[in-house]
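Step one of this worksheet: look at the structure below.
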Amino acid sequence: MTLRDAWHWYVTTRNQLQLFGRLGRKHWDELPWDGSLGRDNTLKGLESGAIVTGSVFCLEHLDDFAVLILFSVFESVVRDQVLSEVEDEMTRLRHAVIVQIVEGAVQEIEHGSFYRVLEVFKGRDAGLVEEVNQVRRYRNWVAHGRRTAKPAAVDPETAFRRLKEFLDVLGIGTEQGF
Amino acid sequence: METLKDFIASQAQKLRNEEPQAARQRDEWVSAVDRLNQQIRSWLTQADPDHEVLEVRELPYQLRDEGIGSYEARGLLISLGRRQIRVEPIARNVAGPLSATGVIHVGRAYGRVDLTDGLRKFMIFRVERDPDDRWSIIEQDGFRRQPFDQLAFEHAFKTLLE
């Protein structure tokens, strides 16, 4: 999945929920229930209030989960990219000690703290790294069940733009996935 | 080596220093939301002077922001028949959105309040606080942020009711 795929999933899901909610709120009771619609066992028992309540419930949580998914995809893409660059460098190393050190670094990139991976890019654009870190902190808050005080709130649009900009700066692009 | 007693004492001092600042930030934000609510009520009164159509109620929201703690802020519930729109305080600390051009960053915002019917949403960001609050509004799937004035509010409100 690429960052753009994740964004597309979010926008599509939101639109579908909004459409179904709108259908329930504005038009459900005026639909031609005398015909085939009225014979559809799945639909005929649905009431407009339940449709709206369901859509609102899903939308209420969608934005937070979208930030979580957007950031997870972003994290995978960045880790993969950094890993591929480091592995490329490794082919030119000869000394056993240096190879061992770099192997340790590879482990860190694959499984270590993503915060430390991002730190490396502070030299290129410290402001942007901090903006991405803000998204990371919000993702962590959502991922851990939103039990603690809320860090700076991040909406999906802001998250996507920041993450996309970071990938652009790295020259990765939003089409690269994992 | 620092003893536990020393550590607790230093933490207590830190808390004493942080608490007034957090309280100031909380009170300042809650007041800003109240002023926004008041402004919205005033625009609604202009649209429905005799309060015959719209019913406006205050709703409490429990918030818990990092660096501020738990607190209550007030929102609004606006009813038009069976339709309901909420003015919902989201957080004092927010990641600022990008500007309308998508090039210039708005580094930060000083709070966010949503205007929503549950299905669609407009986000209202407090983009300045000194000398006065300045708010901007952006539809969730829109790209143009604009000043939150009466015209923008009425457009958003009507959009949610359409």
Side-chain angles (χ1 to χ4, degrees), chain A residues 7 10-12 14-26 29 48-49 51-60 62-64 66-67 125 127-128 130-141 146-165, chain B residues 22 26 29 61-71 81-86 88-114 116-126 138-145 159-162:
Chain A
W7 175 249
Y10 163 66
V11 172
T12 307
R14 190 182 68 193
N15 287 346
Q16 293 295 315
L17 287 167
Q18 287 173 336
L19 281 173
F20 196 47
R22 186 176 173 83
L23 182 68
R25 178 176 281 165
K26 292 196 67 154
D29 295 335
S48 64
I51 294 171
V52 177
T53 304
S55 299
V56 168
F57 173 71
C58 294
L59 284 163
E60 204 176 300
L62 181 67
D63 281 10
D64 276 356
V67 173
D125 190 335
L128 185 57
E130 181 45 36
E131 289 191 354
V132 169
N133 266 324
Q134 220 171 18
V135 182
R136 184 184 58 80
R137 284 192 286 271
Y138 194 78
R139 186 283 302 260
N140 288 347
W141 177 73
R146 302 186 285 199
R147 289 176 291 111
T148 54
K150 188 195 276 188
V154 178
D155 60 89
E157 276 80 2
T158 301
F160 175 65
R161 289 183 197 208
R162 288 180 177 193
L163 303 180
K164 178 182 178 304
E165 191 177 348
Chain B
R26 178 198 63 212
W29 162 238
Y61 284 87
Q62 297 301 324
L63 304 179
R64 192 177 171 203
D65 288 357
E66 223 171 59
I68 295 181
S70 300
Y71 61 97
R82 290 168 57 196
R83 304 293 306 277
Q84 291 188 323
I85 290 176
R86 296 192 309 275
E88 192 176 325
I90 299 298
R92 160 61 178 78
N93 299 322
V94 295
L98 292 189
S99 75
T101 64
V103 175
I104 304 161
H105 289 269
V106 174
R108 58 186 303 183
Y110 305 96
R112 187 181 123 200
V113 172
D114 285 355
T116 178
D117 66 348
L119 294 177
R120 294 176 75 178
K121 177 160 79 179
F122 287 81
M123 296 181 286
I124 307 170
F125 290 94
R126 187 165 66 135
I138 184 167
E139 189 169 3
Q140 191 178 28
D141 55 0
F143 293 96
R144 188 161 292 279
R145 210 164 50 83
T159 301
L160 292 175
L161 287 174
E162 272 167 5

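Chain identifiers are assigned alphabetically (A, B, ...) following the order of the sequence lines, protein sequences preceding nucleic acid strands; residue numbering begins at 1 within each chain.
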Open item on the list: Let me confirm one number: the CG-CG distance from B/D114 to A/D155, rounded to the nearest 0.5 Å.
Closed with: 9.0 Å
Task: Region of B/R92 in contact with chain A, defined by heavy-atom distances below 4.5 Å - done: neither
Open item on the list: Quick check on A/R14 against chain B: is it the side chain, the backbone, both or neither that has a heavy atom closer than 4.5 Å?
Closed with: side chain
Task: Per-residue contact mode, A/F20 against chain B (heavy atom under 4.5 angstrom) - done: neither
TODO: To the nearest 0.5 angstrom, please state how far the CD atom of B/E66 sits from the CZ atom of A/R137.
DONE: 7.5 Å
Task: Contact summary for B/R64 and A/R147, nearest pair of heavy atoms - done: NH1-O, 2.6 Å
Open item on the list: Which heavy atom of A/V154 sits nearest to which heavy atom of B/A95, and what is that distance?
Closed with: CG2-CB, 3.8 Å
- [ ] Considering only heavy atoms and a distance below 4.5 Å, find which of A/G21, A/A159, A/P151 pairs most often with chain B.
- [x] A/P151
Task: Minimum heavy-atom distance between B/E162 and A/K26, given as atom pair plus value - done: C-NZ, 3.0 Å
Please list, one pair per line, the donor and acceptor atoms closer than 3.5 Å that link side chains of residues 119-126 of chain B to other protein atoms, with sequence neighbours excluded.
from, atom 1, to, atom 2, distance (Å)
B/R120, NE, B/E139, OE2, 3.4
B/R120, NH2, B/E139, OE2, 2.5
B/K121, NZ, A/D63, OD2, 2.7
B/R126, NE, B/Y110, O, 3.0
B/R126, NH1, B/E28, OE2, 2.8
B/R126, NH1, B/D133, OD1, 3.0
B/R126, NH2, B/E28, OE1, 3.2
B/R126, NH2, B/E28, OE2, 3.4
B/R126, NH2, B/Y110, O, 3.0

Open item on the list: Could you measure the distance from the CZ atom of B/R112 to the OG1 atom of A/T158? Nearest 0.5 Å is fine.
Closed with: 8.0 Å
- [ ] Look up atom CD in A/Q18 and atom CG in B/D117, then write down how far apart they are to the nearest 0.5 Å.
- [x] 8.5 Å
